[in-house]
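To start, the structure under review is shown below, and the notes come after it.
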Amino acid sequence: MFRLANFWAPVLLGLWTASATQTSVSVALQKRVATVRKHSEASKTGVQHKMAYFGTIQVGNPPQEFSVVFDTGSGNLIVPGSDCTSDACTSHRRFDHRKSDRINAINCDGSNVSHGMLPDEITITFGTGKITGQCFTDSICVGAACSKGNFISSLDESYTPFATFSFDGVLGLALDSMAQSNEFSVMSRLHGAGVLKQPLFSVFLSDSDEEKSEITFGAIKEEHMASELYWVNVVGDAGYWQVEIQDIYLGEHPQKLCQGCRVAVDTGTSELAGPSDIIAKLEQLLGSGHDCSNIDSLPKLGFAVRGPNGKPKILSLSPKDYTSEGSFGGCNLSLMNLDVPPPKGPLFVFGIPFLQKYFTVYDHEQSRVRF
């Protein structure tokens with residue numbers, strides 16, 4: 001099987017029993033920053049900081065622990081497998097299916113393996129790399145919430161980008177259609193079994209090391225809110241948590257750059273991303289200067305998000321939110337090109353810079369996002 005992933009990659013979860021106690025669980029997230037090279041007209045420096053937030057889960061019985069990005073831009077769980085000998089796997093913790101008491105190999109469409117046949121494999125291609133893996137059903141625990149579900153254990157991973165990751169794998173939290181099947185979707189399984197107090201999860205990403213970042217399943221923690229929550233319906237059927245924006249604003253002024261655009265809210269993307277032609281125009285308009293010396297004179301960058309009543313609400317980022325200093329003192333805009341082809345694209349992405357400013361809630365049952 002072959003499947004193209006536009007951001008990170010996939011997830012999968014199921015349940016031991018449909019009579020589980022309703023609960024909510026929070027998982028603390030760690031922040032890691034990597035330095036990468038970037039070339040653009042607006043960013044003269046050759047390096048840029050990219051960050052990721054990740055937490056721990058357990059897979060198998062007895063449990064084996066892995067660090068994963070909780071990724072709203074993909075749909076399945078992927079962890080390195082013990083049979084994978086590539087550098088990208090051996091530099092991380094690997095799942096050993098031989099040590100799990102309740103492991104069951106399955107085909108990657110979720111079907112059982114026919115008698116006398118070997119299970120199939122899946123190859124997932126990313127923008128800069130790919131993985132090949134086999135699929136299993138086993139126990140998966142997110143915090144204290146445990147279930148039985150499907151996941152991908154890699155047999156091979158390309159060096160780029162996976163060897164450079166600080167975390168082991170990816171747990172996808174996109175809508176059900178992004179997963180291999182509903183049985184691979186953690187929220188579908190937890191929601192269907194009535195495990196969570198509420199059929200939603202919320203993400204709080206702090207930009208300060210003094211404040212804990214976390215993802216919470218089944219509840220909204222009001223202590224992370226600085227204002228009332230604003231509900232926005234998901235549009236389209238691509239599987240992303242995507243909403244519609246009416247335009248992009250610089251300060252109080254609409255730019256007519258992205259009228260009627262769709263924007264995916266993606267915890268697995270380190271920057272703000274969008275079609276290359278729009279990003280180029282924004283870089284020209286925002287040119288931040290070589291050393292960030294003009295940062296106080298830059299405008300706010302706003303996105304007019306269409307709400308449930310059809311009226312827009314402008315969600316804005318300050319210059320400090322959408323810029324970062326390079327390793328050698330240069331100034332970078334936290335913008336990247338992402339040309340997603342139709343029918344899923346074109347698409348803009350609210351990545352980590354946006355999510356550090358706005359607490360977000362993802363309602364699985366009603367397909368809406370709250371800011």
Side-chain angles (χ1 to χ4, degrees), residues 5-8 71-75 172-178 187 199-203 205 220 227-269 271-282 285-286 299-317 321-322 334-371:
N6 289 309
F7 303 110
W8 298 79
D71 179 21
T72 58
S74 64
L173 289 169
L175 294 168
D176 295 351
S177 60
M178 188 72 74
M187 283 304 298
L200 51 78
F201 63 94
S202 55
V203 177
L205 302 183
I220 300 172
S227 62
E228 292 297 316
L229 287 167
Y230 179 69
W231 280 119
V232 181
N233 293 326
V234 169
V235 295
D237 56 3
Y240 300 120
W241 293 96
Q242 62 183 18
V243 299
E244 184 179 334
I245 60 173
Q246 292 188 337
D247 203 355
I248 296 175
Y249 281 64
L250 295 185
E252 304 298 322
H253 306 291
Q255 299 299 303
K256 297 182 179 179
L257 287 177
C258 201
Q259 296 171 301
C261 286
R262 293 182 176 183
V263 183
V265 188
D266 186 6
T267 56
T269 296
E271 299 175 277
L272 302 174
S276 55
D277 58 336
I278 296 177
I279 294 298
K281 291 176 182 177
L282 282 175
L285 292 167
L286 293 170
K300 288 184 177 180
L301 176 61
F303 301 88
V305 177
R306 184 189 293 273
N309 59 2
K311 296 181 179 180
K313 181 180 180 66
I314 299 175
L315 304 179
S316 295
L317 301 177
D321 296 327
Y322 64 76
S334 297
L335 302 172
M336 63 181 287
N337 296 328
L338 182 68
D339 291 308
V340 180
K344 293 186 177 181
L347 193 67
F348 214 92
V349 177
F350 286 161
I352 287 175
F354 182 90
L355 296 169
Q356 289 177 325
K357 175 73 176 286
Y358 292 97
F359 174 61
T360 48
V361 182
Y362 306 80
D363 186 332
H364 179 266
E365 184 175 49
Q366 298 191 43
S367 293
R368 54 184 184 169
V369 185
R370 217 169 185 179
F371 300 96

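Note that the structure is a prediction, hence the values are computed from the model and not measured. Worth knowing before you read on, the calculation uses all heavy atoms, side chains too, and leaves out hydrogens, waters and symmetry mates.
Evaluated for a side chain to side chain contact (heavy atoms under 4.5 Å, CB included) with Thr269, the options Asp266, Thr267, Leu272 yield exactly one hit, Asp266.
In this structure the side chain of Asp339 never reaches within 4.5 angstrom of the side chain of Leu347, judged on heavy atoms.
Remark: Phe359 engages His224 in a ring-ring contact (aromatic ring centres under 6.0 Å, His included) (not counting sequence neighbours). Residues satisfying the side-chain hydrogen bond (donor to acceptor under 3.5 Å, both in side chains) test with Asp321, not counting sequence neighbours, are Ser318. When the side-chain hydrogen bond (donor to acceptor under 3.5 Å, both in side chains) test is applied to Thr360, the partners found at least two apart in sequence or on another chain are Tyr362. For Pro346, the side chain to side chain contact (heavy atoms under 4.5 Å, CB included) partners are Pro275, not counting sequence neighbours. Remark: Tyr322 pairs with no residue by the ring-ring contact (aromatic ring centres under 6.0 Å, His included) rule, at least two apart or across chains. The side-chain hydrogen bond (donor to acceptor under 3.5 Å, both in side chains) check on Ser367 picks up nothing, with sequence neighbours excluded. Contacts of Arg306 classified as side-chain hydrogen bond (donor to acceptor under 3.5 Å, both in side chains), with partners at least two apart in sequence or in another chain: Glu244. Qualifying salt bridge (Lys or Arg N to Asp or Glu O under 4.0 Å) partners for Arg368, counting only residues two or more places apart in sequence or in other chains: Asp363.
Between Tyr358 and Phe350, the ring center distance fails the sub-6.0 Å criterion.
Looking at every heavy atom in both residues, Ile220 comes nearest to Arg370 through CD1-NH1, 3.8 Å.
Side chain of Thr72 to main chain of Tyr240: no donor-acceptor pair is present (N/O by atom type, distance under 3.5 Å, no hydrogens or angles).
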Would you mind writing out the side-chain donor-acceptor pairs for residues 227-238 within the sub-3.5 Å range, not counting sequence neighbours?
from: Tyr230; atom 1: OH; to: Gly307; atom 2: N; distance (Å): 3.3
from: Tyr230; atom 1: OH; to: Lys311; atom 2: O; distance (Å): 3.3

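With values rounded to the nearest 0.5 angstrom, Leu250 atom CG is found 13.0 Å from Lys300 atom NZ.
A salt bridge (Lys or Arg N to Asp or Glu O under 4.0 Å) check over residues 273-282, counting only residues at least two apart or in different chains, returns nothing.
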